[in-house]
Amino acid sequence: MTKFKDLNLSEETLKAIDKMGFEEATPIQAETIPLGLSGKDIIGQAQTGTGKTTAFGIPMVEKIDTKNDSIQGLIIAPTRELAIQVSEELYRIGGGKRARVLAVYGGQDIQRQIRALKQRPHIIVGTPGRILDHINRRTLKLENIQTLVLDEADEMLNMGFIQDIESILSNVPAERQTLLFSATMPGPIRAIAERFMKDPEMIKVKAKEMTVSNIDQYFVKVPQREKFDVLARLMDSHSPELAIIFGRTKRRVDELANALSLRGYQAEGIHGDLTQAKRLTVLNRFKSGKIDVLVATDVAARGLDISGVTHVYNYDIPQDPESYVHRIGRTGRAGKEGMAVTLVDPREMSYLREVERTTKKRMEPMEAPSWDDALVGLQQGAVTELEEAISKNEWAEYRVFAKDILDQYSPEDVVAAALKLITKEPDRTPVHITNEAALPQRRDKFRSKNSGGGGYRKSSGGGGRQGGGRSYGNRDRKGGSGGSGGGGRRKYSSN
DNA sequence: AAAAAAC
């Protein structure tokens with residue numbers, strides 16, 4: 001086991017690391033830090049949670065000359081939240097040396113950022129679009145960059161980002177050290193990466209540590225229209241402490257979050273159409289436990305380090321196998337156990353096998369829980385709640401009542417009644433999630449104009465559900481969760 | 001085909 005003490009770091013940085021509570025280096029840190037200090041280019045394959053940010057953050061901070069007022073380190077990240085998270089960690093590492101760190105990302109007042117840039121930061125952490133914006137405004141000068149980091153590079157070098165990255169790189173001196181980190185390392189990405197780097201050293205965290213050994217992976221075969229009920233029953237029977245549900249589109253995430261709230265879950269959605277302020281509030285509410293279900297697009301799939309996520313549910317199987325790896329990596333972090341359940345429509349089974357081939361790990365089939373299973377889960381939740389209340393020991397003043405009751409009834413009956421009282425029974429409010437994920441191979445002729453979901457099924461879908469009618473009767477119009485079918489396509493059909 | 005990222 002390597003200790004930070006043995007890595008030839010400066011007093012100031014060691015102190016900062018100690019303050020962060022770190023003593024032993026993780027495998028990726030033990031390998032990356034000495035190489036990074038030596039000035040080599042590095043390609044590192046590791047997910048966040050392996051201590052990747054600290055691995056590149058320490059050598060970067062060590063190389064900063066704080067007497068020099070120019071920007072010497074640049075870190076590029078694929079999402080705004082990730083840029084913020086990374087900048088916070090760099091700030092902590094650089095605290096001892098008083099290195100100035102600034103996050104630069106879209107959705108934030110640019111004048112404010114320009115003022116902050118005038119404070120002469122040493123390290124910039126940012127997203128591609130806004131970094132380019134600043135370069136074009138000449139408010140960000142990169143000619144003194146010595147260390148460049150591409151974080152979550154598989155995403156960064158994806159189509160769409162690649163041009164932005166190239167433009168940014170053309171503004172960074174060729175004489176520099178480049179570090180590239182990525183959770184997955186498909187061949188084409190590797191080839192592109194090497195174009196930007198000089199004789200890079202490969203560092204790979206062992207497969208066992210990198211992937212997902214402490215995450216139990218399951219799939220549930222379920223037709224589209226039953227997905228929502230199955231999801232609710234899964235959550236009822238698992239009673240997750242913190243869960244993330246991934247949906248395929250922004251619309252779908254909105255609908256899911258609304259529908260879950262309607263059924264009494266503490267759930268909120270996050271995706272790229274929300275304002276940056278809203279995105280951060282939702283994330284913070286989830287981190288602080290004010291909500292325990294986060295519904296998200298892939299904006300939250302990568303890199304975000306939220307501790308204590310016990311369950312990841314893929315409402316839709318993700319489009320790219322890589323996305324799957326990232327999504328389920330939000331749980332089972334820091335050595336804890338995690339569970340990932342993917343809902344898969346029978347028509348998508350072959351795609352599921354493809355994902356398995358990529359991850360080289362099988363997902364175990366899981367039966368959809370029945371409503372009775374869900375009830376059992378909720379009953380167990382009630383037992384836990386009661387036990388917690390008992391151990392809190394704040395019920396002394398109720399003992400008088402307890403004596404009276406026990407004079408008349410048996411203890412078993414009393415406890416059973418109390419449990420029944422606090423058990424939240426499964427909510428079967430009918431819900432219809434529209435905007436069904438279109439299967440790739442079906443996107444032809446008739447689908448292109450009048451894309452699926454929407455109009456036709458609304459009435460039959462809501463009312464005709466099994467079990468829907470019991471307590472809420474004919475609520476199908478309102479139960480349809482958030483005025484579906486409107487959205488962007490308001491055109492009158494021409495045929 | 002979707003999402004992310006600049007106004």
Side-chain angles (χ1 to χ4, degrees), chain A residues 75-86 103-114 117 124-140 150-168 171 182-183 244-256 269-276 278-280 283 295-304 314-327 330 345 347-348 351 354-355 434-444 447-449 451-453 487-489:
Chain A
I75 301 166
I76 312 176
T79 67
R80 298 168 181 174
E81 281 76 9
L82 195 56
I84 295 167
Q85 180 182 293
V86 169
V104 151
Y105 52 88
Q108 201 195 37
D109 178 24
I110 195 153
Q111 292 307 328
R112 204 175 116 195
Q113 281 177 4
I114 291 172
L117 281 163
I124 298 291
V125 188
T127 46
R130 185 55 74 91
I131 291 175
L132 269 181
D133 195 353
H134 279 297
I135 291 175
N136 294 334
R137 290 167 186 256
R138 312 206 178 279
T139 45
L140 180 61
L150 296 177
D151 200 7
E152 302 290 334
D154 44 359
E155 179 69 0
M156 302 285 304
L157 295 178
N158 247 340
M159 309 308 292
F161 270 138
I162 181 76
Q163 277 122 1
D164 286 357
I165 300 294
E166 290 201 47
S167 321
I168 294 171
N171 286 275
S182 185
I244 302 182
I245 301 167
F246 284 103
R248 180 120 81 81
T249 65
K250 294 180 270 200
R251 276 280 309 283
R252 212 154 153 87
V253 163
D254 282 336
E255 288 185 29
L256 272 170
I270 186 169
H271 58 66
D273 275 357
L274 303 178
T275 66
Q276 191 53 34
K278 177 73 179 166
R279 279 163 66 164
L280 289 176
L283 206 57
V295 190
T297 59
D298 278 339
V299 70
R302 283 160 192 276
L304 283 193
N314 290 312
Y315 193 77
D316 305 303
I317 189 163
Q319 293 294 81
D320 320 299
E322 263 109 56
S323 170
Y324 175 83
V325 176
H326 288 289
R327 285 180 178 189
R330 296 317 100 211
D345 184 277
R347 293 169 295 179
E348 298 168 328
Y351 190 66
E354 206 173 299
V355 173
T434 61
N435 194 16
E436 286 186 6
L439 293 173
Q441 63 269 36
R442 291 282 301 275
R443 280 189 312 102
D444 44 34
R447 281 220 163 228
S448 54
K449 263 242 158 85
S451 58
R489 52 190 146 81

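Letters A, B, ... are given to chains in the order of the sequence lines, protein chains preceding strands, and every chain is numbered from 1.
- B/dA3 atom P lies 11 Å from atom CG of A/Asp254, rounded to whole Å.
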Run the numbers on A/Arg137 and A/Asp133 for salt bridge (charged side-chain N to carboxylate O under 4.0 Å, His left out), then give the verdict. CA-CA 6 Å; A/Arg137 290 167 186 256; A/Asp133 195 353; 2.9 Å; yes
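- Checking side-chain atoms of A/Ser182 against main-chain N and O of A/Asp154 turns up a donor-acceptor pair under 3.5 Å.
- Contact check, A/Arg248 against B/dA3: no side-chain N or O comes under 4.0 Å of OP1 or OP2.
- The phosphate of B/dA3 (OP1 or OP2) has no side-chain N or O of A/Arg251 nearer than 4.0 angstrom.
- Picking from B/dA6, B/dA4, B/dA2 the nucleotide with the shortest atom distance to the side chain of A/Asp133 gives B/dA6.
- Rounded to whole angstrom, the span from the NE2 atom of A/His271 across to the P atom of B/dA5 amounts to 12 Å.
- One atom, CG of A/Asp316, and another, C1' of B/dA3, lie 13 Å apart when rounded to the nearest Å.
- When the P atom of B/dA3 is taken as reference, atom CG of A/Asp154 falls 19 Å away, rounded to whole Å.
- For A/Gln108 and A/Gln276, the side-chain atoms include no donor-acceptor pair closer than 3.5 Å.
- In this model, the phosphate group of B/dA6 is approached by a side-chain N or O of A/Arg80 to a distance below 4.0 Å at OP1 or OP2.
- Counting to the nearest Å, the C1' atom of B/dA6 and the CD1 atom of A/Ile76 are 15 Å from each other.
- Every side chain to side chain contact (heavy atoms under 4.5 Å, CB included) that A/Ala301 has, sequence neighbours left out, goes to A/Phe246, A/Asp298, A/His326, A/Arg327.
- Among the atoms of the strands shown, only primed sugar atoms or phosphate atoms (P, OP1, OP2) are found under 4.0 Å from some heavy atom of A/Arg279.
- One atom, CG of A/Asp109, and another, C1' of B/dA6, lie 14 Å apart when rounded to the nearest Å.
- Summarising the geometry, the separation between OH on A/Tyr315 and P on B/dA2 is reported as 18 Å, rounded to the nearest angstrom.
- Remark: C1' of B/dA5 and NE2 of A/His134 are 13 Å apart, rounded to the nearest angstrom.
- The side chain of A/Ser323 places no N or O atom within less than 4.0 Å of a non-bridging phosphate oxygen (OP1 or OP2) of B/dA2.
- Partners of A/Glu166 by salt bridge (Lys or Arg N to Asp or Glu O under 4.0 Å), not counting sequence neighbours, listed by chain and number: A/Arg195.
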